[in-house]
Amino acid sequence: MWTNSDVKSDCIEHYEALPITLQHRDALALIDPEPTEWIPILRRQGGGTNYSSLTSLLVEIEHQNKILESTDWSINDLGEATYSGERDPAFHDGLVSNPDGYDLHFFADTMWLPSGTTQPWIEFTPSFRWWLGLVTRPDESMYRTTHAGRDEEVVRVRRMGEGEYEVSVSARHLRKYLVARGMVLVVQHSHCSTVDTPSTGRIELEVKTKVASFSYIAWDAGLGGYTATLTGKHLVLPFAAAGEHPDDTIRPEKFQEFIVDVDSSTGEEIRQSCRREDSTYLTPVFFDSDVLTRYRDNPARYLLRRTDVQCHGRWMMDIDVNDDGLVQVWLGDLANLPESEREHWLTYNVAPRGGVTITRALRDLAGRWVEDERPDPDRLRRARADFIMAFKERFGDTPYKQLGPEDARNFSSLALCTNSTEGQRNQGIIALAIGIVEALDVKALRKVAGTDEQSLNCLHKIVEDAGGNSSDLVGPIRLLQGLRSTGAAHMKGSNFEATLVRAGLDSLSPDKQFEKIVDGVTGALQGLTELFRSPTGDPKNAATEA
């Protein structure tokens with residue numbers, strides 16, 4: 001480890017006999033030019049004669065040897081924006097410094113902003129944050145979202161005592177950034193420990209390699225103990241080649257093979273690559289519906305609809321669900337997914353069963369647009385919007401209050417169940433009830449109904465006053481509220497089961513129950529719209545059509 005050419009052997013023996021705290025082996029263990037896990041880049045811990053500090057900066061690859069010529073920290077004014085009329089240029093932005101004839105570049109540091117805070121603000125060079133698209137969490141950690149829509153941890157922050165911290169960066173992301181910029185990272189060290197132990201005389205050692213430059217000194221400082229310091233710097237090298245973007249694997253893209261058929265004579269699965277050059281684009285491929293669960297369960301990241309699934313701003317794929325409950329996609333469309341996302345789909349790939357729906361065949365194969373009458377939350381949302389407009393046109397008031405941000409997101413992303421668990425059904429009922437029942441504006445409904453009843457009772461009276469069939473037009477909404485109040489959000493009991501029995505849903509699986517609920521509420525909203533848009537003297541047609 002020690003590279004002194006003239007060091008005395010007894011000096012190394014004395015070092016190895018020192019208490020572990022004085023050897024600074026944990027700091028020396030950080031000297032790794034090609035790490036693949038986490039790299040501590042900033043640290044401030046302790047004080048006096050017991051402390052540990054790390055700072056970091058960037059230097060162009062061609063100057064990496066120059067910065068290792070000394071073990072002293074490179075004195076610079078990085079991270080400080082200053083102005084002085086006595087220099088040219090007068091303004092210094094703090095991103096580049098040139099104290100020794102070559103440029104040093106800002107990477108990360110801490111700043112005490114605003115004045116009087118007890119913890120410093122951690123800042124990175126903008127290009128690092130921008131290139132990776134970093135998002136900061138409340139705990140100061142940072143993550144990025146890949147092209148596939150997965151979150152990757154990039155920055156970790158650990159706060160110790162007041163004014164103490166340690167910041168670490170994902171080596172994989174940092175080294176991709178380094179090669180893209182043609183830089184190396186310089187991590188500068190300063191560590192000191194003092195221990196009450198017998199003096200063994202002065203010890204001076206050094207490490208001088210192509211990637212590190214350190215000096216170690218231990219001596220009796222006359223302060224009631226033996227003191228050892230380690231000062232220097234080490235390099236973190238970039239990867240060998242740069243990609244076009246942070247998710248670029250550089251290697252050729254892998255196109256997985258999916259089951260497209262079954263050999264009728266042997267029963268063996270027939271697979272085909274989704275690479276467009278190797279496949280027939282409109283070959284149907286089938287998946288277990290659970291392939292969509294990850295998208296349904298994360299509406300902040302994904303949007304799942306009956307006709308497609310998309311990761312906001314990253315990818316989208318057309319889908320359909322056939323009568324056997326399998327998700328069907330075209331083989332060529334799978335090539336539009338990021339490679340890692342295709343791995344997820346491959347896990348749920350199954351042999352063909354149930355075929356392609358007539359709606360999909362007419363739309364995609366025959367080029368004919370046909371309405372899909374199956375239960376669909378998108379159609380329900382459109383029906384709600386139409387009901388609002390019709391009510392306002394008829395009565396001059398809006399029947400719904402504005403949903404809060406979270407409830408609005410949950411309602412706008414509400415999707416059919418992707419498995420037959422009660423949990424998914426219950427989540428759907430809650431989101432649906434909030435958007436359809438609990439968001440009703442009772443004040444507006446009471447004003448129109450001329451009564452102080454609860455919102456659904458008011459709506460019931462408004463429908464009857466307009467000549468509509470309240471059983472058809474309000475009944476499905478009452479059922480939704482009944483399921484919400486008797487079990488979806490609470491411990492289920494006999495009342496919940498009784499509600500399912502009365503609605504004729506008890507014999508269905510939870511996912512099919514939810515489809516029926518969505519379909520019933522959609523029909524009720526459509527009927528209400530027709531009722532309120534029909535001539536006042538002829539409302540029965542709307543009630544009958546609903």
Side-chain angles (χ1 to χ4, degrees), residues 305-307 371-403 407-417 425 428-446 448-449 453-485 488 499 503-505 513-536 538-546:
R305 300 185 293 191
R306 178 175 277 284
T307 56
E371 288 294 331
D372 191 341
E373 297 300 326
R374 294 175 294 177
D376 185 351
D378 263 355
R379 196 164 73 251
L380 181 145
R381 284 184 282 266
R382 290 195 298 271
R384 181 183 186 269
D386 290 342
F387 164 56
I388 291 172
M389 290 298 297
F391 190 94
K392 188 173 182 180
E393 290 168 1
R394 181 74 171 261
F395 303 108
D397 281 305
T398 301
Y400 280 108
K401 298 176 291 187
Q402 186 172 355
L403 290 169
D407 289 334
R409 184 189 67 194
N410 291 338
F411 183 73
S412 65
S413 62
L414 178 67
L416 296 176
C417 297
R425 175 201 63 192
I429 289 174
I430 292 170
L432 191 56
I434 290 173
I436 298 300
V437 183
E438 297 177 24
L440 285 169
D441 189 338
V442 67
K443 291 183 179 180
L445 295 176
R446 285 173 176 173
V448 174
E453 295 284 339
Q454 296 298 321
S455 57
L456 288 185
N457 290 339
C458 289
L459 184 60
H460 179 103
K461 186 175 184 302
I462 294 169
V463 169
E464 289 196 333
D465 289 347
N469 186 327
S470 59
S471 177
D472 291 343
L473 303 185
V474 185
I477 302 175
R478 285 193 184 278
L479 170 63
L480 172 62
Q481 177 62 7
L483 292 171
R484 154 78 156 152
S485 60
T499 304
L505 301 175
Q513 290 172 352
F514 186 64
E515 285 189 20
K516 286 287 187 180
I517 294 166
V518 168
D519 204 33
V521 173
T522 301
L525 293 170
Q526 290 172 337
L528 289 168
T529 299
E530 291 297 320
L531 174 66
F532 296 141
R533 283 181 175 167
S534 65
T536 305
D538 187 22
K540 293 182 180 180
N541 291 336
T544 303
E545 291 172 5

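On a predicted model such as this, the values are computed, not experimentally measured, just so you know.
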Q: Tell me whether Arg382 is salt-bridged to Asp386, with the criterion being a basic N under 4.0 Å from an acidic carboxylate O.
A: no

Q: Looking at the rings of Phe395 and Phe532, which for Trp means the six-membered one, are their centres under 6.0 Å apart?
A: yes

Q: Let me confirm one number: the CD-CZ distance from Glu453 to Arg446, rounded to the nearest 0.5 Å.
A: 8.5 Å

Q: Which value, rounded to the nearest 0.5 Å, describes the distance between Leu528 atom CG and Asp472 atom CG?
A: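 Going from CG on Leu528 over to CG on Asp472, the span is 10.5 Å.
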
Q: How about Gln454: does its CD atom have over 12 heavy atoms from other parts shown lying under 6.0 Å from it?
A: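 Counting neighbours around CD of Gln454, 12 or fewer heavy atoms of other residues, nucleotides or ligands fall under 6.0 Å, so no.
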
Q: Indicate yes or no: at least one non-hydrogen side-chain atom of Leu432 is less than 4.5 angstrom from one of Ile517.
A: yes

Q: To check you understand the geometry: which heavy-atom pair defines the closest contact between Tyr400 and Leu525, and what is its length?
A: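 Taking Tyr400 first and Leu525 second, the nearest heavy atoms are OH-CD2, 4.4 Å.
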
Q: Judged by atom type as modelled, is there a donor-acceptor pair below 3.5 Å linking the side chain of Arg384 to the main-chain atoms of Gly435?
A: yes

Q: Checking side-chain contact (heavy atoms from CB on, under 4.5 Å) for the pair Val437/Leu480: CA distance, chi angles, key distance, verdict?
A: CA-CA 8 Å; Val437 183; Leu480 172 62; 4.0 Å; yes

Q: About how many Å separate NZ of Lys401 and CG of Asp441, when rounded to the nearest 0.5 Å?
A: 6.5 Å

Q: Please confirm whether the backbone N or O of Leu414 pairs with a side-chain atom of Arg381, one donor and one acceptor, at under 3.5 Å?
A: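 Yes; at least one donor-acceptor contact below 3.5 Å.
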
Q: Passes side-chain contact (heavy atoms from CB on, under 4.5 Å), Phe387 versus Leu531? Steps please.
A: CA-CA 10 Å; Phe387 164 56; Leu531 174 66; over 6 Å; no

Q: When rounded to the nearest 0.5 angstrom, what distance separates CG in Leu456 from CD1 in Ile436?
A: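 Answer rounded to 0.5 Å: 11.0 Å.
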
Q: Donor-acceptor pair, Arg379 side chain versus Asp372 backbone, under 3.5 Å?
A: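 Flag set: sc Arg379 to bb Asp372 pair under 3.5 Å.
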
Q: List the atom of Glu464, the atom of Ser470, and the distance in Å for their closest heavy-atom pair.
A: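 Closest pair (atom of Glu464, atom of Ser470, distance): OE2-OG, 3.4 Å.
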
Q: Strictly by modelled atom types, are Arg478 and Asn457 linked by a side-chain donor-acceptor pair under 3.5 Å?
A: yes

Q: Can you confirm whether more than 12 heavy atoms, excluding those of Glu373, are under 6.0 Å from its CD atom?
A: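 Yes, enclosed.
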
Q: Rounded to the nearest 0.5 Å, how far does CG of Leu483 lie from CZ of Arg425?
A: 8.0 Å

Q: Which pair of non-hydrogen atoms, one from Thr499 and one from Leu479, has the smallest distance, and what is that distance?
A: CG2-CD1, 3.6 Å

Q: Determine the minimum heavy-atom distance between Pro399 and Phe391, stating which atoms define it.
A: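 Scanning both residues completely, I find the closest heavy atoms to be CD-CD2, 3.6 Å.
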
Q: Check Ala524 against Leu473 and note the closest heavy-atom contact, atom names and distance.
A: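 Result for this residue pair: CB-O, 3.5 Å.
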
Q: Roughly how far, to the nearest 0.5 Å, is the NZ atom of Lys461 from the CG atom of Leu459?
A: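 Atom-to-atom, Leu459:CG and Lys461:NZ are 12.0 Å apart.
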
Q: State, to 0.1 Å, how close Pro476 and Ser471 come at their nearest heavy-atom pair, and which atoms those are.
A: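 Pro476 and Ser471 have their closest heavy atoms at CD-O, 3.8 Å.
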
Q: Counting N and O atoms only, with roles assigned by atom type, does the side chain of Arg306 sit under 3.5 Å from a partner on the main chain of Pro375, one being a donor and the other an acceptor?
A: yes

Q: Any heavy-atom pair between the side chains of Asp376 and Thr307 that's under 4.5 Å?
A: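 Heavy-atom side-chain distance check fails, nothing below 4.5 Å.
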
